Each structure stands twice: as structure tokens, then as C-alpha cells.
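Every value quoted in this text rests on a predicted model; they were computed, and no experiment measured them.
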Amino acid sequence: MMARPTKAKAIERLQKALDAIPELMQLEDYSAEFTTWQRNTEVALANTFGDKSRHIQDFTESISSYHLRSSLEPATSVLQSMIGEIEEYWEDGHLTPPSSAAQEEERTNTKEVFVIHGRDNEAKETAARFLEKLGLTPVILHEQPNQGRTIIEKFEQHAQVGFAVALLTPDDMGALKNDEKNLKPRARQNVVFELGYFLGRLGRKRVCALTKGNVEIPSDYDGVVYIPLDDSEGWKIKLIKELKNAGFDVDANKAL
């Protein structure tokens, strides 16, 4: 993980975002120029305070108004406050990145669980509502605001979670090139991609795959926990076990 910037560099980044506000105030309404500024500021905050820092949320919430001027005025105060924080509390020089133990604690403290899904809306809703009953917050990508970002930018922004549940539902069909007669049900390509992403980011103990029907299992992910979405709902007990093993304090009585 990259070390945080020096005190001077951190102030320079935020001051640049602050200096652009007077010009943005002259715009009639939201525009591509505003979206670019918002995106650049969020990136600057992530690279200054860390991509899971509350500072990003504070900034995003400050510009949530429907009116441009009403967004930029609180954003000015928020950025000025952050600069003041750096000036008051940061020491000169580089700050060391958080240890692996600190990262592990941060992931356990969050209640957000990313729900990887394909086209099976019923399976998606079932898993999401179950997580909510456990007191967790399911993160479903298409339900999050775009804010002018590309899909991958949006995905990366909302991937800052402590656990991921992948729904491998039989949405597609596939076979070897010379064996088209033996088509097998497969999960969507985005599901397989995101499953691999979270395995690399969070580690195997923080990723659980729920399978539906006779869906083909990706062969490269040996050691991943695959739980059938059975009608008896035994998958719920098994998922709770995986969440607890990952350090989440969940109460089965709330959901069963």
C-alpha cells in the first residue's frame, strides 16, 4: 500500500480542489466540468486520507444537493476543514501505511457486504434481505449512484467492503470450442470476474459463493466455499458460519 503524502503535498491537493470552486460557482447547473472536479477531488481525498476514510463520505454528502450552488458552499467548508485538520494534526514527512492487522480490523468493523450477482433477481433479493436481517448492509452495484463514473470506477469505489457474497446462478450457457453439444449452465462473466477480484482483495475467508442449480463451478478458485442455495434454507446457517469466521458479530436469531 502506498504511503500517505507529505503534509505539504496533502494541503496542495486539497487547496487545488478548493481553488476551483469560485469558477464552478459561475455555472448555471451541474455539468461535465463539475463531474470532473468531483471525481478528481474524490481521488485526491482517497490518495490523501485512504480509500476507506470518512473524509470521502463527508465530501460526497456535502455535494448531495440538487442545486449546484447549494452543493458547492458546504463543499467549501468541508475542504477547508480538512486542510485545517492536516495543518493541525499531521506531522511533516511521510506517514506509514496501516499495518495488515489494522486493515483486518477495519474490514471487520464495517457492516458492508458486496453482493455479486447476475440476472437472477430473486436470488439477489433473497441474499440481500437476509444480510439486512443480520444487521449488515448489502452493497448492490446497480443500486448505487453513477455520479458520472465508468462502471469500473463505480465498482472500485463500492468495493471497499469487509465481505463478499457471490451468487453463481445459471444465467449463461457454455462449452469447450469443439464440444458445443455439451453446453453447461454458467454464471455471468461479470460474476466470475468480481468473484476473482474479491478473492484477491479480501482473501478466501471473506468471500462466499452461493450456487443455484447445476451451475458450473469455476475451476481456478480451489478452496473457495461454495454453498448451494437449497430450498430448505440451510444455506443461511452456513453463510452465518462463514461471516462469523471472518470476524463479523452476527446474531442468527435475528434472521432465522
**OP:** State, yes or no, whether a side-chain contact exists between E12 and K7 at a heavy-atom distance under 4.5 Å.
**Re:** no

Subject >> T76 vs L18, side chain to side chain contact (heavy atoms under 4.5 Å, CB included): CA-CA, chis, key distance, verdict >> reply: CA-CA 6 Å; T76 299; L18 196 59; 3.9 Å; yes

Original post:
Does a side-chain N-to-carboxylate-O contact under 4.0 Å join R188 and D172?
Top reply: yes

**OP:** List the steps, then state whether side chain to side chain contact (heavy atoms under 4.5 Å, CB included) holds for T137 with E132.
**Re:** CA-CA 6 Å; T137 304; E132 287 178 341; over 6 Å; no

Subject >> Minimal non-hydrogen separation, I86 against I11, with atom names >> reply: CG2-CG1, 3.7 Å

Original post:
Hey, are the side chains of V113 and V165 touching, using non-hydrogen atoms and a 4.5 Å cut-off?
Top reply: yes

Original post:
Roughly how far, to the nearest 0.5 Å, is CG of L210 from CG of L239?
Top reply: 6.0 Å

Original post:
Taking C-beta and beyond as the side chain, do W37 and E33 meet within less than 4.5 Å on heavy atoms?
Top reply: no

Original post:
Taking everything shown except I151 itself, do over 12 heavy atoms lie less than 6.0 Å from its CD1?
Top reply: no

Subject >> SG on C208 to NZ on K238, rounded to 0.5 Å >> reply: 10.0 Å

Subject >> Close side-chain approach of F155 to N190, heavy-atom, < 4.5 Å >> reply: no

Original post:
So how far is it from M25 CE to L72 CG, rounded to the nearest 0.5 Å?
Top reply: 5.0 Å

Subject >> Rounded distance [0.5 Å steps], CD in E194 versus CG in L141 >> reply: 6.5 Å

**OP:** Check whether any side-chain heavy atom of L136 lies under 4.5 Å from a side-chain heavy atom of L243, and answer yes or no.
**Re:** yes

Subject >> Same apolar cluster: L168 and M173, side chain cutoff 4.5 Å >> reply: no

Subject >> L167 side chain reached by V115 side chain, heavy atoms, under 4.5 Å >> reply: yes

**OP:** Specify whether F198 and F114 have parallel, tilted or perpendicular ring planes, treating 30° as the upper limit for parallel and 60° as the lower limit for perpendicular.
**Re:** tilted

Subject >> For the student: nearest non-hydrogen atoms of T60 and E42, plus distance >> reply: OG1-OE2, 3.4 Å

Original post:
Is the CD atom of E125 crowded by more than 12 outside heavy atoms at less than 6.0 Å?
Top reply: yes

**OP:** Kindly indicate, with the supporting measurements, whether the criterion side chain to side chain contact (heavy atoms under 4.5 Å, CB included) is fulfilled by V192 and R186.
**Re:** CA-CA 9 Å; V192 178; R186 292 178 175 176; over 6 Å; no

Original post:
Are the charged groups of E85 and R54 less than 4.0 angstrom apart, N to O?
Top reply: yes

Original post:
Are the side chain of E23 and the backbone N or O of D19 linked by a donor-acceptor pair below 3.5 Å?
Top reply: no

**OP:** Mind checking the CG-OG spacing from D58 to S81? Nearest 0.5 Å is all I need.
**Re:** 8.5 Å

Original post:
Step by step, would you call H142 with H158 a ring-ring contact (aromatic ring centres under 6.0 Å, His included)?
Top reply: CA-CA 11 Å; H142 73 82; H158 293 285; over 10 Å; no

Subject >> Shortest non-hydrogen separation from A128 to P138 and the atoms involved >> reply: O-CG, 3.6 Å

**OP:** Check whether any side-chain heavy atom of L79 lies under 4.5 Å from a side-chain heavy atom of T41, and answer yes or no.
**Re:** yes

Original post:
Can you tell me how far NZ of K212 sits from CG of D171, rounded to the nearest 0.5 angstrom?
Top reply: 9.0 Å

**OP:** Please check if the side chain of T48 supplies one atom and the backbone of L45 the other of a donor-acceptor pair under 3.5 Å.
**Re:** no

**OP:** Taking S31 for its side chain and L27 for its backbone only, find out whether a donor-acceptor pair lies under 3.5 Å.
**Re:** no

Original post:
Taking atom CZ of R119 as the centre, does the number of heavy atoms from other residues, nucleotides or ligands within less than 6.0 Å exceed 12?
Top reply: no

Original post:
Are the side chain of N47 and the backbone N or O of V43 linked by a donor-acceptor pair below 3.5 Å?
Top reply: yes

**OP:** Evaluate the side-chain proximity of T126 to E122: yes if any heavy-atom separation is below 4.5 Å, no if none is.
**Re:** yes

Original post:
Where do L202 and A164 come nearest, in terms of heavy atoms and distance?
Top reply: CD1-N, 4.1 Å

Original post:
Which atom pair, heavy atoms only, marks the closest approach of V139 to Q144?
Top reply: CG1-NE2, 4.2 Å

Original post:
Can you check whether Y226 and W235 have ring centres sitting under 6.0 Å from each other?
Top reply: no

**OP:** List the steps, then state whether side chain to side chain contact (heavy atoms under 4.5 Å, CB included) holds for K124 with N121.
**Re:** CA-CA 5 Å; K124 176 192 67 178; N121 288 324; 3.4 Å; yes

Subject >> Shortest non-hydrogen separation from I227 to E242 and the atoms involved >> reply: CD1-CG, 4.4 Å

